[in-house]
Amino acid sequence: MAFTGTGKVWMNGALVDWADAKIHIASHVVHYGSGVFEGARCYHTPRGSACFRLDTHMKRLYDSARIYRMEPQVDQATLTEAVLQTIRANEQKACYIRPIIYRGYHALGVNPFPCPVDAAVLTWEWGAYLGKDALENGVDVRIASWARSAPNTLPTLAKTSANYANSSLIKMEAITEGYSEGIALDTFGYLSEGSGQNLFVVRDGMIYTPPLTASILPGITRNSVMTIARDLGYKVREEMLPRELLYICDEAFFAGTAVEITPIRSVDKITVGDGRRGPITAAIQKAYFDIINGEVPDRHNWLTFVYPGEPLQAVGAGSGKGAARG
Ligand SMILES: Cc1ncc(COP(=O)(O)O)c(C=O)c1O
């Protein structure tokens, strides 16, 4: 979905018009991918607008900066407040949130240290990433011919702009060949993750997901899914998983801020389970949507309400249905 080009962007401490949110072409990040960023969502719940796990996203952002020896001019609390300020300035009820810390304009060269470490926050309205139908009926995916980065090359615990060159190759290959997504293996041939989402597989009632050592981004939705699944009484195992498990599993699904929880219907044209959203995927998806839609108590303290006066009332106090998602 194209940008509307309106609203405000937070840049280094000031809210500027969207059209004026510019950096110089000689900025380090443009040439060397020296940015770290986050993708979070704010949901419109019946109790008000709430960001999902904002503090956890901001923690990961500052962890990413630390891995890349960046010292942001603003601290984590200030940038977190800037996110809330930007949503309020744009009067958004639901939106996607993109804070970015990047090496700016000074001089060009592989050594990034002379360049300033700048920060910005963008927010925009963004619906279901793979389409609304995908959330219910699932998506067709392929195993990517591209592997994820090998250990000790590009660190995957950091959400850096540079890593998304690899993600784009996976995504372009999938789209070009008529699939919605690609699942990448790590360089040892074990299952890793999608271009922008983590992977879960269900077999014989057990839920499996690749571990952090399989070159994955430590997804916040992945963590939420593991928490929800255990709350629901399921067992979750983080294990190195062989590719062929996807061909014989009962259910498989993606988890990520953008895709939320999206069932996988087929892999390499082999049907997953009976080709429909499976019961465990459905149960976890429902529990997840109930939380982000503010329809159940926020028992893990995952919601940050954006506007003064919100949350409007306690869950279960007759707030009614009809929450719009991001
Ligand atoms: C490569 C990759 N893996 C996994 C994820 C899922 O992470 P999260 O659930 O924190 O959005 C993302 C999304 O940011 C991603 O880009």
Side-chain angles (χ1 to χ4, degrees), residues 33 35-43 51-64 67 83 95-101 122-123 126 128-130 134-135 139 141 144 146-151 153-174 180-187 190-201 209-229 236 238 241 252-262 264 284-285 287-289 291-292 300 302 304 325-326:
V36 294
F37 66 95
E38 269 308 312
R41 280 193 193 251
C42 171
Y43 289 97
C51 301
F52 184 68
R53 303 198 68 177
L54 182 59
D55 288 338
T56 314
H57 279 281
M58 299 309 280
K59 171 86 171 73
R60 187 173 65 185
L61 179 64
Y62 277 75
D63 285 348
S64 300
I67 291 169
V83 167
C95 61
Y96 186 79
I97 302 163
R98 167 60 52 81
I100 181 162
I101 295 171
L122 293 146
T123 63
W126 200 18
Y129 177 68
L130 295 174
L135 291 172
V139 287
V141 307
W146 298 100
R148 274 293 186 214
S149 302
T153 57
L154 289 170
T156 57
L157 296 195
K159 190 171 167 68
T160 174
S161 308
N163 285 357
Y164 285 81
N166 175 259
S167 288
S168 295
L169 289 169
I170 296 165
K171 186 77 180 178
M172 287 189 293
E173 178 183 69
S180 301
E181 262 302 338
I183 294 173
L185 307 178
D186 67 12
T187 51
Y190 293 101
L191 291 176
S192 179
E193 61 179 345
S195 66
Q197 57 284 116
N198 293 114
L199 175 68
F200 284 85
V201 181
T209 194
L212 298 192
T213 43
S215 299
I216 65 164
L217 180 78
I220 291 162
T221 319
R222 173 183 180 274
N223 176 272
S224 308
V225 164
M226 291 196 288
T227 304
I228 290 169
V236 186
E238 293 175 78
L241 302 171
F253 61 91
F254 284 133
T257 298
V259 295
E260 298 170 317
I261 294 168
T262 296
I264 297 171
I284 293 171
Q285 204 186 36
Y288 180 77
F289 286 144
I291 294 170
I292 61 181
H300 298 293
W302 283 344
T304 302
R325 287 188 306 93

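For reference, positions follow the sequence shown, starting with 1. Just so you know, ligand 1 is whichever comes first in the structure, and atom 1 is the first atom listed for that ligand.
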TODO: Report the C-alpha distance between Arg41 and Cys51 in whole Å, list the side-chain angles of each, state the deciding distance to 0.1 Å, and finish with yes or no for side chain to side chain contact (heavy atoms under 4.5 Å, CB included).
DONE: CA-CA 6 Å; Arg41 280 193 193 251; Cys51 301; over 6 Å; no
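- Not a single donor-acceptor pair under 3.5 Å links the side chain of Arg148 to the backbone N or O of Asn166.
- In this structure, Arg60 counts as a contact residue of ligand 1, since one of its heavy atoms falls inside 4.0 Å of the ligand.
- Looking at Tyr164 next to ligand 1, an N or O pair under 3.5 Å apart turns up.
- Taking the six-membered ring for Trp, Phe289 and Tyr43 have ring centres at least 6.0 Å apart.
- For atom 11 (O) of ligand 1, the nearest protein heavy atom (residue, atom name, distance) is Thr257 OG1, 2.6 Å.
- The protein heavy-atom contact nearest to atom 9 (O) of ligand 1 is Thr221 OG1, 2.6 Å.
- Counting heavy atoms from C-beta outward, Val141 and Phe254 have side chains that approach closer than 4.5 Å.
- Around atom 2 (C) of ligand 1, the closest heavy atom drawn from His57, Glu193, Arg53 belongs to Glu193.
- Between Thr209 and Met226, the closest side-chain pair of non-hydrogen atoms falls below 4.5 Å.
- Shortest contact from atom 7 (O) of ligand 1 to any protein heavy atom: Gly219 CA, 3.4 Å.
- Shown in contact with Ser195 at under 4.0 Å from a heavy atom are these atoms of ligand 1, numbered in order with element: 1 (C).
- How far CD1 of Ile220 is from CZ of Arg60: 4.0 Å, rounded to the nearest 0.5 Å.
- A donor-acceptor pair under 3.5 Å is formed between the side chain of Glu193 and the backbone N or O of Leu217.
- Contacts between Lys159 and ligand 1 below 4.0 angstrom, taking non-hydrogen atoms only, involve the side chain exclusively.
- Looking only at protein heavy atoms, the nearest one to atom 13 (C) of ligand 1 is Gly196 O, 3.4 Å.
- Two residues are said to be in side-chain contact when any heavy atoms from C-beta on lie closer than 4.5 Å; His300 and Arg53 fail this criterion.
- Of all the heavy atoms of Arg148, the ones lying under 4.0 Å from any atom of ligand 1 belong exclusively to the side chain.
- With a 4.0 Å cut-off on non-hydrogen atoms, Ala258 does not touch ligand 1 at all.
- The nearest non-hydrogen atom to atom 8 (P) of ligand 1, considering only Leu217, Ile220, Asn163, comes from Ile220.
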